[in-house]
Amino acid sequence: MPMKRFAMLLACLCLVGLAIRPAAAQTVLRDAETEALLADISRPIIEAAGLSPENVHVVLLQDGSINAFVAGGQTVYIHSGLIDAADNLNEVQGVIAHELGHVVGGHVPLANSGGAGTISILSLVLGAAAVAAGSPEAGTGILMAGQRAALGKYLAFSRTQESQADAAGARFLNTAGINGAGMIDFFKKLQNMEYRLAIPQDNSFNRTHPLSGERIAHLEDTLHNGPGWQKPTDPALEERFRRVQAKLRGYVDDPQQTLRQYPLSDQSVEAHYARAYAYHLSGYPQQAASETAALVAADPDDPYFLELQGQIMLEGGDPLGAIEPLRRATELSNNHPLIATTYGHALIATDDPKYLPEAEQVLRLAVARDKENPFAWYQLGMVYERTGDQARAALATAERASMTGDPGLAAISARAAVAGLEENTPEWLRAQDILLISQNALEDRERRRN
């Protein structure tokens, strides 16, 4: 969203894509408007959970399945397919509440499987012993029985965690005064999927999650009696959700599908958004420009409309024309790092040296406020390269390589930065840190190979 940014971080429209390790190398979709919405709708739930909104992050992944998960720490990952399938904002809030139940409960998938791992390892040892003793049939039987026992133990443990997260999520929604209908409605969606897939509804023994019907039954009383039950969602938040949902569909879905879903007869804001992405991605720049012009005409001071207009110009080969809308978008968004990065990109893309000082200023501020933005570091490195500052160009490359999982490049670049920067300055010390971290990562990698 600038996600390949919804900045792609490497180049496509307002949506950025970035592969990350915590989510199994799935693609993170980053977009200023989307991240602001997710932060706003999750903040009261996070506070109700006794956590700090500054430490909890809701991250959107490009994945068409209807899913969300946590992978340790305080980050909730939501699949794009879930946003697409949601009928309203409240359903997404229900999912976030459930995942925060996992966070508060300290549930880490596969890290603590309730003893299942121990059973599995023990079965392997006994099975190997039986085979060595000349009884391969007995060994195989032990292995299979042990694996079944391990799986059953793990599934039971997983179902317990899911039930605990359901209960905690319902409690968070009630404490926050948020309608719990969305949580129940979402489980009903999952239940309908179970029906379509002919999943038996009489026994959840072989499942990682309780049956959706069981979950609904357990949650209804708690949520029906909550202070937020049937409380309507703020219309302004719901409108923001529809905008984000349309942007996501325009970026992720096949353009023809998007144009069918949002025909020209639909002149709503979300339809203009979706069609702008669809036209841009399918190579119709004039139509894309027309859609963004309609958005800007409707609200000339909306930073996200201006961001989209500027990015379409930039990626359409008109960086000079993109400067003004992106400058205005950056100002109106209080220098949001993602929007500022696109603005800095446009300044550099003009190939006019007079814009490089402004680009450096904009990008330095962007990386100061969002250090986990490799595209911003890449652009800042280009500024330093063009102005002849090789040491800082190397440091920017080291920063980018460090966060994208390339310790070899990080080490080489950090070493060059250390050699060229003044000793004991903050930048020199930062280069030293990256060098040490990347060298340790390389040594760990070598040990694993051996």
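Keep in mind that the numbers below use all heavy atoms, side chains included, and drop hydrogens, waters and symmetry copies.
- Between K189 and D87 there is a salt bridge, since at least one side-chain N of the basic residue sits less than 4.0 Å from a carboxylate O of the acidic one.
- Using a 4.0 Å cut-off between a side-chain N of Lys or Arg and a carboxylate O of Asp or Glu, R240 and D234 do not qualify as a salt bridge.
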Q) Going through the distances and angles, do V56 and T75 end up as a side chain to side chain contact (heavy atoms under 4.5 Å, CB included)? A) CA-CA 6 Å; V56 179; T75 300; over 6 Å; no

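- Side-chain contact between T397 and Y378 is absent, with no heavy-atom pair separated by less than 4.5 Å.
- Counting only distance, with no hydrogens or angles, the side chain of S282 and the backbone of A278 share a donor-acceptor pair below 3.5 Å.
- The heavy-atom pair separating A346 from L326 by the smallest distance is CB-CD1, 3.8 Å.
- Considering only heavy atoms from C-beta on, N373 comes within 4.5 Å of T341 through its side chain.
- Note that CG of L29 is 8.5 Å distant from OG1 of T34, once rounded to the nearest 0.5 Å.
- Side chain to side chain, Y262 and R249 meet the donor-acceptor criterion of an N or O pair below 3.5 Å.
- Within 6.0 Å of CD on Q267 lie more than 12 heavy atoms contributed by other residues, nucleotides or ligands.
- Of the charged side-chain nitrogens involved, at least one lies within less than 4.0 Å of a carboxylate oxygen, so that E358 and R327 count as a salt-bridged pair.
- Rounding to the nearest 0.5 Å places CD1 of I46 at 11.0 Å from CZ of F172.
- Heavy-atom minimum distance, E91 versus A85: OE1-O, 4.5 Å.
- To the nearest 0.5 Å, the span separating CE on M382 from CG on L363 amounts to 10.5 Å.
- Taking the ring centroids of H345 and F375, they lie under the 6.0 Å cut-off.
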Q | Worked verdict on F186 versus N90 for side chain to side chain contact (heavy atoms under 4.5 Å, CB included) | A | CA-CA 9 Å; F186 190 79; N90 191 226; over 6 Å; no

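- The closest side-chain donor-acceptor pair between H102 and Q164, if any, does not fall under 3.5 angstrom.
- Listed for the D389 side chain is a donor-acceptor partner under 3.5 Å among the backbone atoms of R392.
- Interatomic distance, CD1 of I434 versus OG of S413, reported as 9.0 Å (0.5 Å rounding).
- A salt bridge links E399 with R430: the closest approach of a Lys/Arg side-chain nitrogen to an acidic carboxylate oxygen falls below 4.0 angstrom.
- Residues I96 and I78 are in side-chain contact: their nearest non-hydrogen atoms beyond the backbone lie under 4.5 Å apart.
- Taking the charged nitrogens against the carboxylate oxygens, R386 and D351 do have a contact shorter than 4.0 Å, which makes a salt bridge.
- N88 places none of its side-chain heavy atoms less than 4.5 Å from the side chain of T233.
- Taking 4.0 Å as the cut-off between side-chain N and carboxylate O, E270 and R243 do not count as a salt-bridged pair.
- Neither side chain, E291 nor Q287, offers a donor N or O lying under 3.5 Å from an acceptor on the other.
- Side chain of N179 to main chain of Q230: a donor-acceptor pair is present (N/O by atom type, distance under 3.5 Å, no hydrogens or angles).
- Taking CD of E33 as the start and OG of S333 as the end, the distance is 11.5 Å to the nearest 0.5 Å.
- Checking side-chain atoms of W377 against main-chain N and O of K371 turns up a donor-acceptor pair under 3.5 Å.
- Using a 4.5 Å heavy-atom threshold, the side chains of L347 and L356 count as separate.
- For the 3.5 Å distance criterion, the side chains of D63 and S65 qualify, holding a donor opposite an acceptor.
- The local environment of CD in Q286 is sparse, with at most 12 non-hydrogen atoms from other residues, nucleotides or ligands closer than 6.0 Å.
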Q: Show your working on side chain to side chain contact (heavy atoms under 4.5 Å, CB included) between N440 and L442 and close with a plain yes or no.
A: CA-CA 5 Å; N440 288 339; L442 289 170; over 6 Å; no

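- For the pair P407 and S438, the tightest heavy-atom approach, listed with the atom from each and the gap, is O-CB, 3.5 Å.
- One N or O on the side chain of T342 and one on the backbone of L338 form a donor-acceptor pair closer than 3.5 Å.
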Q) Should L237 and I41 be marked as a side chain to side chain contact (heavy atoms under 4.5 Å, CB included) after you check the CA-CA gap, both sets of side-chain angles, and the distance that decides it? A) CA-CA 8 Å; L237 280 178; I41 67 173; 4.3 Å; yes

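- Taking all atoms of both residues into account, the shortest heavy-atom contact from A170 to M183 is N-CE, 4.0 Å.
- Proximity of V252 to Q62: side-chain heavy atoms (C-beta onward) are separated by under 4.5 Å at one or more points.
- In this structure, NZ on K247 lies 15.0 Å from NE2 on H272, to the nearest 0.5 angstrom.
- In this model, no donor atom of one side chain and acceptor atom of the other lie less than 3.5 Å apart for H57 and Q74.
- Using a 4.5 Å heavy-atom cutoff, the side chains of V95 and L82 are in contact.
- In this structure, D406 contributes its side chain and A401 its backbone to no donor-acceptor pair below 3.5 Å.
- Residues T292 and A276 share a closest heavy-atom pair of CG2-CB, 4.0 Å.
- In summary, D266 and R275 do not engage in a salt bridge, as defined by a charged side-chain N under 4.0 Å from a carboxylate O.
- A donor atom on one side chain and an acceptor atom on the other are not found under 3.5 Å apart for H218 and D166.
- Comment: D254 does not engage R260 in a salt bridge, judged by the lack of any side-chain N to carboxylate O separation of less than 4.0 angstrom.
- With contacts defined as side-chain heavy-atom distances shorter than 4.5 Å, the pair L308/F305 does not qualify.
- Checking side-chain atoms of D370 against main-chain N and O of A366 turns up no donor-acceptor pair under 3.5 Å.
- At distances below 3.5 Å, at least one donor-acceptor pair connects side-chain atoms of R369 with backbone N or O atoms of N335.
- Minimum interatomic distance between E307 and A329 (heavy atoms only, all atoms of both residues): N-CB, 3.7 Å.
- Surrounding CD of Q361 are at most 12 heavy atoms belonging to other residues, nucleotides or ligands under 6.0 Å away.
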